[in-house]
Amino acid sequence: MLAAAILLQAAVAAPAFAPPLDVPLLVTTEQTATDAASERRYALHRLIRFHREDAGYRAEVRVLAPQAEASAGVGGMVDAGFAALTGQTLVFHLDDRGSVTAVEDVDALWGRLCDAIGTLAGSKARDPATRATLAERIATPLRGLPEARRRAMLSTLVTAVIDDEPRAPAGSIAPVRIPGTSPLGAAQMLEGIRTTTAVEGGELQSVTRASSAAPTGADASRIELERLRRTDPRSGLIRFASDTNRIVTGTGESARQAVRTTVVRVVPAAPGAWPGS
């Protein structure tokens, strides 16, 4: 299966990238995280518009009034922490394939994001001293991340709408291998199948189902992924995406399950939606 997957990846072309220029898109990201004890939700709305720039593109992003709750993991808090960037125009520079090569004012943006994440981390503590301690415990290591990591995390505001799956023809069924990480930080490889079909409007829809090996001990975990992508092959942009990650820890009656579902919707923004337009 692995050899077939490698051959397939080599045979298919990378997605084209030709986004609509000078017109804003409205992007909505909704996430739900559930486990045995709680359910947390947030929604992030943003405007994105692309402009031609030399051999690549310039992408501008405006974060709009997020609705957020901090989820237990740092990754969820990073997403919710984007609320700190509301009302500011963020500028990203991309190459002709849609990869982000630079983020303007990355240090200042990252500092604001780290402060917001720290505030979220300490928000449920009752006394000010504990809140401050928790905030610094989370924010300090984030501030020390290398520039490439900071750029990559900020860039998800743009890259979430760019199709990065290898281009496959409609009607194809292909084996996939996807890197994953267990709750304890151990690398796990997910194996499964991706099916691609044609849908209306000349768009393509892919459905990926993959999982890691079954757990064998009380603290072992299994990762299950179900991913749907609906993309426009002419622009290289995602129109709709849904990722459901399910982590099952342990076996039998003592097994514990945590589920995170992320949905991204991309539609043309209303006329005059961009501030000042």
### Query
Do you know the tightest heavy-atom contact between Gly98 and Ile162?
O-CD1, 3.4 Å
### Query
Do you know which two heavy atoms are closest between Arg194 and Ile178, and how far apart they sit?
NH2-CD1, 4.4 Å
### Message
Does Arg260 form a salt bridge (charged side-chain N to carboxylate O under 4.0 Å, His left out) with Asp243? I'd like the steps, not just the answer.
### Response
CA-CA 8 Å; Arg260 174 172 292 176; Asp243 281 37; over 6 Å; no
#### Entry: Residue pair Arg112 / Asp115, side-chain heavy-atom distance below 4.5 Å
no
### Query
Does Leu21 belong to the same Ile/Leu/Val/Met/Phe/Trp/Tyr cluster as Val91, with side-chain heavy atoms less than 4.5 Å apart forming each link?
no
## Note on the structure
So CZ of Phe82 and OG1 of Thr156: to nearest 0.5 Å the spacing works out to 4.0 Å
### Task
Determine whether Val23 and Val267 fall in the same hydrophobic cluster, where Ile, Leu, Val, Met, Phe, Trp and Tyr are linked whenever their side-chain heavy atoms lie under 4.5 Å apart.
no
### Message
What verdict does the side chain to side chain contact (heavy atoms under 4.5 Å, CB included) test give for Val161 and Ile48, after you've listed the backbone C-alpha separation in whole Å, the side-chain angles of each residue and the deciding distance to 0.1 Å?
### Response
CA-CA 10 Å; Val161 308; Ile48 301 178; 4.3 Å; yes
### Test side-chain contact (heavy atoms from CB on, under 4.5 Å) applied to Ala241 - qualifying residues, sequence neighbours left out
Arg229, Ile238, Val264
### Query
Considering residues at least two apart in sequence or located in another chain, which fulfil the salt bridge (charged side-chain N to carboxylate O under 4.0 Å, His left out) criterion with Asp105?
none
### Query
If we ignore angles and hydrogens, is there a donor and acceptor under 3.5 Å between the side chains of Arg222 and Ser212?
no
### Task
Take Arg150 and Val103, measure what side chain to side chain contact (heavy atoms under 4.5 Å, CB included) needs, and give me the verdict at the end.
CA-CA 9 Å; Arg150 289 180 279 148; Val103 181; over 6 Å; no
### Task
Can you sort out the partners of Phe92 under ring pair (Phe, Tyr, Trp, His ring centres under 6.0 Å), two or more places apart, ordered by chain and number?
none
### Task
Mind listing the closest non-hydrogen atom pair of Pro268 and Leu25 along with its distance?
CA-CD2, 4.2 Å
### Message
Among Glu165, Arg227, Arg167, which residue satisfies the side chain to side chain donor-acceptor pair (under 3.5 Å) criterion with Ser206?
### Response
Glu165
#### Entry: Nonpolar side-chain network containing Val263, other nodes, edges under 4.5 Å
Val207, Leu228, Phe240
### Query
Is there a side-chain contact between Leu44 and Leu157 (heavy atoms, below 4.5 Å)?
yes
### Task
Kindly work out whether a path of hydrophobic side-chain contacts (I/L/V/M/F/W/Y, heavy atoms less than 4.5 Å apart) joins Leu113 to Leu145.
yes
### Polar side-chain atom of Arg246 near backbone of Gln257 as donor-acceptor pair, under 3.5 Å
no
For residues 54-63, run the donor-acceptor check on the side chains, cut-off 3.5 Å, and write out each pair with its distance to 0.1 Å, sequence neighbours left out.
residue : atom : partner : partner atom : Å
Tyr57   : OH   : Phe17   : O            : 3.4
Tyr57   : OH   : Arg52   : NH2          : 3.2
Arg58   : NE   : Glu60   : OE2          : 3.1
Arg58   : NH2  : Glu60   : OE2          : 3.4
Glu60   : OE1  : Arg49   : NE           : 2.7
Glu60   : OE1  : Arg49   : NH2          : 3.2
Glu60   : OE1  : His51   : NE2          : 3.2
Arg62   : NH1  : Gly87   : O            : 3.2
Arg62   : NH1  : Thr89   : OG1          : 3.0
Arg62   : NH2  : Gly87   : O            : 3.2

### Query
What heavy-atom pair brings Thr244 and Thr261 nearest, and what distance separates the two atoms?
OG1-OG1, 3.3 Å
### Task
Any chance you could measure Leu109, atom CG, to Leu90, atom CG, to the nearest 0.5 Å?
4.5 Å
#### Entry: Over 12 non-hydrogen atoms of neighbours within 6.0 angstrom of CZ in Arg234
yes
### Summary
Residues at least two apart in sequence or cross-chain that pass salt bridge (charged side-chain N to carboxylate O under 4.0 Å, His left out) with Arg265, listed by chain then number, are Glu30
### Residues which pass side-chain contact (heavy atoms from CB on, under 4.5 Å) with Ala102, listed by chain and number, not counting sequence neighbours
His93
### For Ser155, all residues meeting side-chain hydrogen bond (donor to acceptor under 3.5 Å, both in side chains), sequence neighbours excluded
none
#### Entry: With sequence neighbours excluded, residues passing salt bridge (charged side-chain N to carboxylate O under 4.0 Å, His left out) with Arg230
Glu200, Glu203
### Message
If the condition is side-chain hydrogen bond (donor to acceptor under 3.5 Å, both in side chains), which residues does Ser172 pass it with, not counting sequence neighbours?
### Response
none
### Query
Would you call Asp164 and Arg97 a salt bridge, using N to O less than 4.0 angstrom?
no
### Summary
dist Leu64:CG -> Leu85:CG (nearest 0.5 Å) comes out at 12.0 Å
### Query
Say you draw a straight line from CZ of Arg41 to OG1 of Thr34; how long is it, rounded to the nearest 0.5 Å?
9.0 Å
### Query
In Å, rounded to the nearest 0.5 Å, how long is the span from CZ of Phe50 to CG of Asp22?
11.5 Å
### Message
Taking the side chain as everything from C-beta on, heavy atoms only, tell me whether Leu94 gets closer than 4.5 Å to Thr101.
### Response
no
### Query
Step by step, would you call Asn245 with Val259 a side chain to side chain contact (heavy atoms under 4.5 Å, CB included)?
CA-CA 6 Å; Asn245 290 273; Val259 181; over 6 Å; no
### Message
Does atom CZ (Arg143) have a neighbourhood of more than 12 heavy atoms from anything else shown, all under 6.0 Å?
### Response
yes
### Query
To the nearest 0.5 Å, how far apart are CD in Glu147 and CH2 in Trp110?
10.5 Å
### Closest non-hydrogen atom pair between Pro233 and Ala16, with its separation
O-CB, 4.0 Å
### Task
Applying side-chain hydrogen bond (donor to acceptor under 3.5 Å, both in side chains), name anything that partners Thr196, two or more places apart in sequence or on another chain.
none
#### Entry: Residue pairs involving residues 81-91 (criterion salt bridge (charged side-chain N to carboxylate O under 4.0 Å, His left out); sequence neighbours excluded)
none
## Note on the structure
Scanning both residues in full, the closest heavy-atom pair of Leu142 with Cys114 reads CB-SG, 3.7 Å
